[in-house]
Amino acid sequence: MTDFSPPQYWGDKRYHSLNYHLRKQFGEKIGKITLDGGFTCPNRDGSLGRGGCLFCSPLGSGDFIAARDKALAEQFERGREVIQNKWAVNKYIAYLQSFTNTYAPVDKLREVYATVLALPGVVGLSIATRPDCLPDEVLDLLAEINQHHYLLVELGLQTIHARSADFCNLKYNYQDFLTAVDNLQARQINTCAHIILGLPGEDGNDMMATASAVANLPIQGIKIQLLHLLRATPLAEVYKQQPFPFLSQEEYVDLVTGSIEILPPSMVIHRLTGDGPRQMLLGPVWSRNKRAVLNAIDRELVKKNSWQGKFYCKN
């Protein structure tokens, strides 16, 4: 039966994009500048393990940070120049991306966060971290910042499945994630869950189960990432010994659009794919053309006459 229901739009998209959300929040387009705060990770320094999560790059997933070996102010200025070459923006979200950005003494965290928030044009702070690196004193600091600034905590989930978490050497589990969400929401801190589609050993049902779980969490955002196999990662060594299949672009688009359909309309979608550094990317090679992937997602939503939340049903 043909579905003649009118689609829902957020601006010109059939999903609640980060660009739409920030324009509504600030009244204009906002740039996002990635920074390296000089932190490490308990899965690298020996506290929990060494080598990190299997898929994580040697730069802690901050591979596109400009001048990462420089002070934060210079990193920011270089990042601002890159953005200005694309868009005329005057306000920015500072994004502490590399490694685990709540993993340090509170005084150190306070110093870094204050430095970043004082940079010219910065109107908010986004912090990437692990769910097991949010002790009470850090949560209280985040709550203090949240009272005066736009704040988002990007929390790595990746998958709800224990076997996949163990395979990826995450060193945390779904319950750790749920505890972190409860603690963040108790302090009314905006939270975004990061998930990965295409993890070895997961089928479509597994991936949709993760998306469905996120759809029913009391959080404000989701970041959907395609698994990239990058050189110099532990996963590249696994692949060398035992190759595993990558998702095709068609499979990925189908999974993403299916996920979009079951997410609540209020949930902000921060990312629908990603593009690893070309010189490091081993696969899937089709992901190099990020724009083509995003366009394919848009076309599939139109083809299916679908949109974010079309099949959302809170459990």
Side-chain angles (χ1 to χ4, degrees), residues 1-20 55 156-161 163-165 167-168 192-217 219 221-230 235 239 243-276 281-315:
M1 180 181 295
T2 303
D3 183 0
F4 293 106
S5 302
Q8 185 170 348
Y9 284 90
W10 291 260
D12 62 345
K13 297 295 184 182
R14 293 182 177 222
Y15 54 88
H16 195 162
S17 70
L18 178 62
N19 178 57
Y20 177 88
F55 48 76
L157 169 59
Q158 322 313 354
T159 177
I160 65 169
H161 304 291
R163 68 183 187 279
S164 297
F167 171 80
C168 291
C192 172
H194 187 290
I195 68 172
I196 297 177
L197 302 182
L199 291 173
E202 290 198 357
D203 61 19
N205 290 331
D206 294 325
M207 294 177 237
M208 289 302 298
T210 293
S212 179
V214 172
N216 284 281
L217 290 175
I219 61 174
I222 186 172
K223 181 177 281 188
I224 302 174
Q225 174 70 48
L226 167 70
L227 176 71
H228 292 118
L229 182 62
L230 301 178
L235 189 58
Y239 184 81
F244 50 83
F246 300 120
L247 291 174
S248 68
Q249 180 172 313
E250 293 74 19
E251 290 171 326
Y252 186 73
V253 168
D254 185 60
L255 285 163
V256 170
T257 55
S259 299
I260 289 172
E261 291 174 328
I262 63 172
L263 294 175
S266 61
M267 186 173 285
V268 179
I269 297 179
H270 291 244
R271 178 186 291 169
L272 287 177
T273 185
D275 49 346
L281 184 67
L282 296 173
V285 294
W286 55 263
S287 67
R288 291 174 178 168
N289 192 341
K290 183 177 179 180
R291 176 51 54 191
V293 179
L294 292 173
N295 288 341
I297 292 168
D298 288 341
R299 287 195 301 271
E300 186 67 13
L301 288 171
V302 172
K303 178 182 176 182
K304 296 166 68 175
N305 189 37
S306 200
W307 57 89
Q308 183 174 338
K310 183 175 182 179
F311 300 125
Y312 169 65
C313 182
K314 186 171 178 61
N315 292 338

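Values reported hereafter were calculated over all heavy atoms of this structure, with side chains retained and with hydrogens, waters and symmetry mates removed.
- Contact check for Leu247 versus Leu227: no side-chain heavy atoms found under the 4.5 Å cut-off.
- Across Thr159 and Ser164, no two heavy atoms sit closer than the pair CG2-CB, 3.7 Å.
- The heavy-atom pair separating Ala193 from Val214 by the smallest distance is CB-CG1, 4.2 Å.
- The nearest pair of heavy atoms linking Met208 to Ile262 is CE-CD1, 3.8 Å.
- Rounded to the nearest 0.5 angstrom, Lys304 NZ and Asp254 CG are separated by 5.5 Å.
- To the nearest 0.5 angstrom, Lys13 atom NZ is 10.0 Å from Ile260 atom CD1.
- Annotation: side chain of Gln308 is not in contact with side chain of Gln8 (no heavy-atom distance under 4.5 Å).
- Interatomic distance, NE2 of His194 versus CD of Gln158, reported as 5.5 Å (0.5 Å rounding).
- Pairing each heavy atom of Leu226 with each of Pro284, the nearest pair is CD2-CG, 3.8 Å.
- Using the six-membered ring where Trp is involved, Trp286 and Tyr252 have ring planes that are tilted, between 30° and 60° apart.
- No side-chain donor from either of Glu300 and Thr257 sits under 3.5 Å from a side-chain acceptor of the other.
- Annotation: Phe246 is in aromatic contact with Tyr239 [ring centroid separation under 6.0 Å].
- When side chains are defined from C-beta on, Arg14 does not count as touching Asp298, because their heavy atoms never get closer than 4.5 Å.
- In this structure, Leu263 and Ala215 approach most closely via the heavy-atom pair CD2-CB, 3.9 Å.
- Counting only heavy atoms from C-beta outward, the side chains of Leu230 and Leu281 approach each other to under 4.5 Å.
- The backbone N or O of Cys192 sits nowhere less than 3.5 Å from a side-chain atom of His270 that would complete a donor-acceptor pair.
- When atom types are taken as modelled, the side chain of Ser306 and the backbone of Leu301 share no donor-acceptor pair closer than 3.5 angstrom.
- Residues Leu294 and Thr273 have side chains in contact (heavy-atom distance under 4.5 Å, counting atoms from C-beta outward).
- Looking at Glu251, its side chain never comes within 3.5 Å of a backbone N or O of Gly198 through a donor-acceptor pair.
- Results of the side-chain contact (heavy atoms from CB on, under 4.5 Å) test with Tyr312 over Pro264, Ser266, Ser212 single out Pro264 as the only residue that passes.
- To the nearest 0.5 Å, the span separating CG on Leu272 from CD1 on Ile297 amounts to 5.0 Å.
- Side-chain contact between Cys168 and Leu199: present, with at least one pair of heavy atoms (C-beta onward) separated by less than 4.5 Å.
- For the atom pair CD1 (Ile269) and CH2 (Trp10), the distance works out to 8.0 Å, reported to the nearest 0.5 Å.
- The distance from the NZ atom of Lys223 to the CD1 atom of Ile195 is 12.5 Å, given to the nearest 0.5 Å.
- Of all heavy-atom pairs spanning Gly221 and Ile219, the tightest one is O-CD1, 3.4 Å.
- Residues satisfying the side-chain hydrogen bond (donor to acceptor under 3.5 Å, both in side chains) test with His161, not counting sequence neighbours, are none.
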